[in-house]
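Shown next, in structure tokens, is the structure this report addresses.
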Amino acid sequence: MVYTNGKKTLLIVMTVCCILLTAVLAARAIGIYADGAARKAADPLADIYTAEEAARKLTHALPLIANSVIVLVFCLALKVKDPNADRPAKAEGRITPPKEPEHVKIVQAVIVAAAVLLIIAGICNGSALDVLIKGINICTECVGLG
Amino acid sequence: MDNEARTSGKFRRPTTRRLVQLYAALLHNAYLRGFIEGKIYEGKAKALCVPGLNCYSCPGAVGSCPLGSLQNALSSTGHRAGWYVLGILLLFGIVLGRTICGWLCPFGLIQELLHKIPTLKIRKSKVTRGLSRLKYVILAVFVIGLPLYYGLAKDLPYPAFCKFICPAGTAEGAVGHLANPANTSMFGMLGALFTNKWVILLVVFLACVLCYRAFCRFICPLGALYGLFNRFSIVGVKVDADRCTGCGTCVRHCGMDVKQVGDCECIQCGKCMDHCSQGAISLKAGKITLKGNDPAAAGEGSREPGHRKAKLIFRGIALAVLCFALVWFNFLDPSIRRTEPAAETVTVSDAPTGYEEGNRLADFTLTCYDGSTFHLADTRGKVVVINRWATWCTPCIEELPYFNDLYKAHPDDIAMIVIHPSMIVTDPEEYLESFSLAMPCATDGEGDPVKEIIGGTATLPQTVVLNRQGEVIYNSVSSVTPEELESLYTKASE
């Protein structure tokens, strides 16, 4: 691949777009939170985030998103790629070939047997049901909803 | 032939590994209806853990996340040991090791696709190698230490990694639900926690664009866990010591921070095979060579009609399994409860029966733990507060004292009931003893009829407030603060 100055510029622009987009989306979220927290302090029943506010803030970021997509399309069409990405890392001298650990078959058999026994014990003591209950209910805290 | 560089004219054919990754991602998330309806799969298959990092609150997920289940199991250690999850993790580890990361993990696929965005890239160095140790700290502190401490010392479910870090949960679970127009009410529960996790998600995504598999290399505790099994795993990349010259080409071309092929950082993707001039590296399952660059063994062998036939049969079976999973999870699974919308019948007071604001709730009766009976029809003239909670739900437990305080402040003016779902992990009556709650508490009946009446979903906690006329003035799935409860009481009293 010929790595011209034009392609290098495009690559830098794309990198800047990605960093900017991340910063803008993060700042928008922090902005919604700051405004919402102030609203909530005055009225405890007010929501911090609303779908409308989120959509409005996202709309403000649309020009940047569109710009990033256009640059991305150009990069893909021109097959722009960081030439360093595929370059091998610096040589650290010769490496010693990895040796297969001793008694590997015995270790495998013991661990498989232990795993099967633990699974059976888990089904008997009800910890499999714990997994099911946790799985079929949305843990709002776990996914970051609140 | 070089799988990674396989091209056909202008069109670059996807590699076998990419096809397997896409297949696994679809199989992990076979409940496609969930993405359309904005709900999660509630079938029995969720008792099984999937091998890769895939949030079980993702609308499409048909299995449970092993990391979330592990934290939950460690939090429950005070009640029962989580043998089941430990057994499953051991089994995945010894059979597949980090082959899961390289071939099956849906979040691994997302990271690789993000890295395809053409930008300047950060190459591996001593810094990245140092950072790769971070995931072991995260495993020890957030996945094992904190859940175990909170479980044993405070009897609180505390999935610290899910709560504070996991970008897979934010991307698949939170954003997966918020993006669906059916879930706009969920915006009401967002606050500081979501803002923090959203920023973490963005930073992780940016890191993945700039640096190959940044999350996998530096943060993922599941990868750290599977990495411990890498040297012993049945399926994995193996090096023929007799052929290896120790030139180090494999390590230099690897995107991960490996020191040797097959060590704990190796995701067994097999890219190194394409760079090994000696054909010393192969992907094996026991003694069977799945992929190899040895012309004598795999290269020639792949052209054999028998080998090609076996490959074709294997692909046919895989396709049949995927089709069956898609049909089963979306249409046939009897454990999927299809909730019909509540029939709207007009009552004498013109307010229709339902659970939306302005509706009247259908009548119900529950026997409380103290032996009393809560009959909704008997509460007219009082402000009614109904709260759905569960022993496994941390926000639910944290807000219980607020309800108790409100009840104690207006004991004669409020009819309150705290309801636990009928599926029980820890006996709620026993669990609540230490809380010394004044308000009546009960467990929902078989099939959770009250959940249906108040329009409950799989999400907890849920709070419903009725005014003195018995009309719903608030019905929300989110945590509430003492100030919100007091405001709701004032509003309902008007």
Side-chain angles (χ1 to χ4, degrees), chain A residues 11 14-15 18-19 22 25-26 29-30 33 44-45 47-51 54 72 75 80-82 84-85 88-89 91-92 94-99 101 104 107-108 111-112 114-115 118-119 121-123 125-128 130-146, chain B residues 40 42 46-47 56-57 64 69 72-73 76 80 82-84 86-87 90-91 94 118-121 123-124 159 162-163 169-170 173-174 184 187-191 193-195 197-199 202 206 209 231-232 234 239 241 244 246 248 251-253 260 262 394-395 423 425 458-459 483-484 487:
Chain A
L11 205 60
M14 190 65 225
T15 309
C18 286
I19 296 169
T22 305
L25 290 176
I30 295 168
Y33 175 70
L45 289 181
D47 290 335
I48 292 178
Y49 279 80
T50 59
L72 176 65
C75 286
V80 176
K81 198 178 170 186
D82 184 352
N84 291 328
E92 291 181 15
R94 301 187 74 79
I95 59 160
T96 46
K99 283 180 188 167
V104 76
V107 174
Q108 285 172 353
I111 295 181
V112 168
L118 284 173
I119 290 170
I123 292 168
N125 83 344
S127 59
D130 288 359
V131 174
L132 173 67
I133 288 177
K134 193 76 181 172
I136 62 171
N137 290 285
I138 297 175
C139 172
T140 55
E141 201 178 29
C142 307
V143 295
L145 284 169
Chain B
I40 60 165
E42 295 177 39
K46 277 229 170 130
Y56 41 26
S57 292
S64 288
S69 302
N72 192 37
S76 314
R80 70 168 68 86
W83 299 130
Y84 178 74
L86 291 176
L90 269 183
L91 196 65
I94 196 63
T119 59
L120 297 170
K121 304 293 181 191
R123 295 171 62 208
K124 72 172 176 181
C162 296
K163 184 174 175 178
T170 317
T184 46
F187 277 89
M189 70 175 83
L190 306 184
L193 184 69
F194 176 77
T195 312
K197 284 203 70 181
W198 172 249
V199 173
L202 291 171
L206 178 65
V209 170
R231 297 290 299 275
F232 296 96
I234 296 167
V239 180
C244 179
V251 171
R252 284 191 285 119
H253 278 90
Q260 275 183 340
T394 314
M423 280 190 97
V425 180
T459 319
E483 293 78 27
E484 281 176 310
S487 299

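Residue numbering restarts at 1 for every chain, and letters A, B, ... go by the order of the sequence lines. Predicted model, so just to flag it, every value in this text is computed and none were measured.
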Nearest heavy-atom neighbours spanning [X] and [Y]:
X      : Y      : answer
B:F194 : A:L145 : CB-O, 4.3 Å
A:Q108 : B:F232 : NE2-O, 2.7 Å
A:A29  : B:W198 : CB-CD1, 3.2 Å
A:A114 : B:L90  : CB-CD1, 4.4 Å
A:L45  : B:E484 : CD2-O, 3.7 Å
B:G87  : A:A115 : O-CB, 3.4 Å

[atom1] of [X] to [atom2] of [Y]: how many Å apart, nearest 0.5 Å?
X      : Y      : atom1 : atom2 : value
A:D82  : B:L120 : CG    : CG    : 5.5 Å
B:L202 : A:C18  : CG    : SG    : 12.0 Å
B:S76  : A:K134 : OG    : NZ    : 8.0 Å
A:L132 : B:S64  : CG    : OG    : 7.0 Å

Note, A:V131 side chain near B:Y84 side chain (heavy atom, < 4.5 Å): yes
Side-chain heavy atoms of B:W83 within contact of A:N125, under 4.5 Å: yes
All salt bridge (charged side-chain N to carboxylate O under 4.0 Å, His left out) counterparts of B:R80, not counting sequence neighbours: A:D130
So for [X], is it side chain, backbone, both, or neither that comes closer than 4.5 Å to the heavy atoms of chain A?
X      : answer
B:T459 : both
B:A73  : neither
B:R123 : side chain
B:L190 : both
B:K197 : side chain
B:P395 : both

Pairing residues for A:Y49 by the side-chain hydrogen bond (donor to acceptor under 3.5 Å, both in side chains) criterion, not counting sequence neighbours: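 B:T195.
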Side chain to side chain contact (heavy atoms under 4.5 Å, CB included) between A:V143 and B:C162, worked out: CA-CA 6 Å; A:V143 295; B:C162 296; over 6 Å; no
Chain B contact via A:T50 - which portion, at a heavy-atom distance below 4.5 Å: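 The backbone, not the side chain.
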Residue, of [options], that accumulates the most heavy atom pairs under 4.5 Å with chain A:
options                        : value
B:P159, B:A174, B:C244, B:G169 : B:A174
B:V199, B:L206, B:V239         : B:L206
B:T170, B:V209, B:I40          : B:I40
B:A241, B:G173, B:G191         : B:G191

Side-chain donor/acceptor of B:K46 to backbone N/O of A:G135, under 3.5 Å: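 Yes, B:K46 side chain to A:G135 backbone: donor-acceptor pair under 3.5 Å.
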Top contributor to chain B interface from A:I48, A:I30, A:I19, A:T22 [non-hydrogen pairs under 4.5 Å]: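 Top count of heavy-atom pairs under 4.5 Å with chain B: A:T22.
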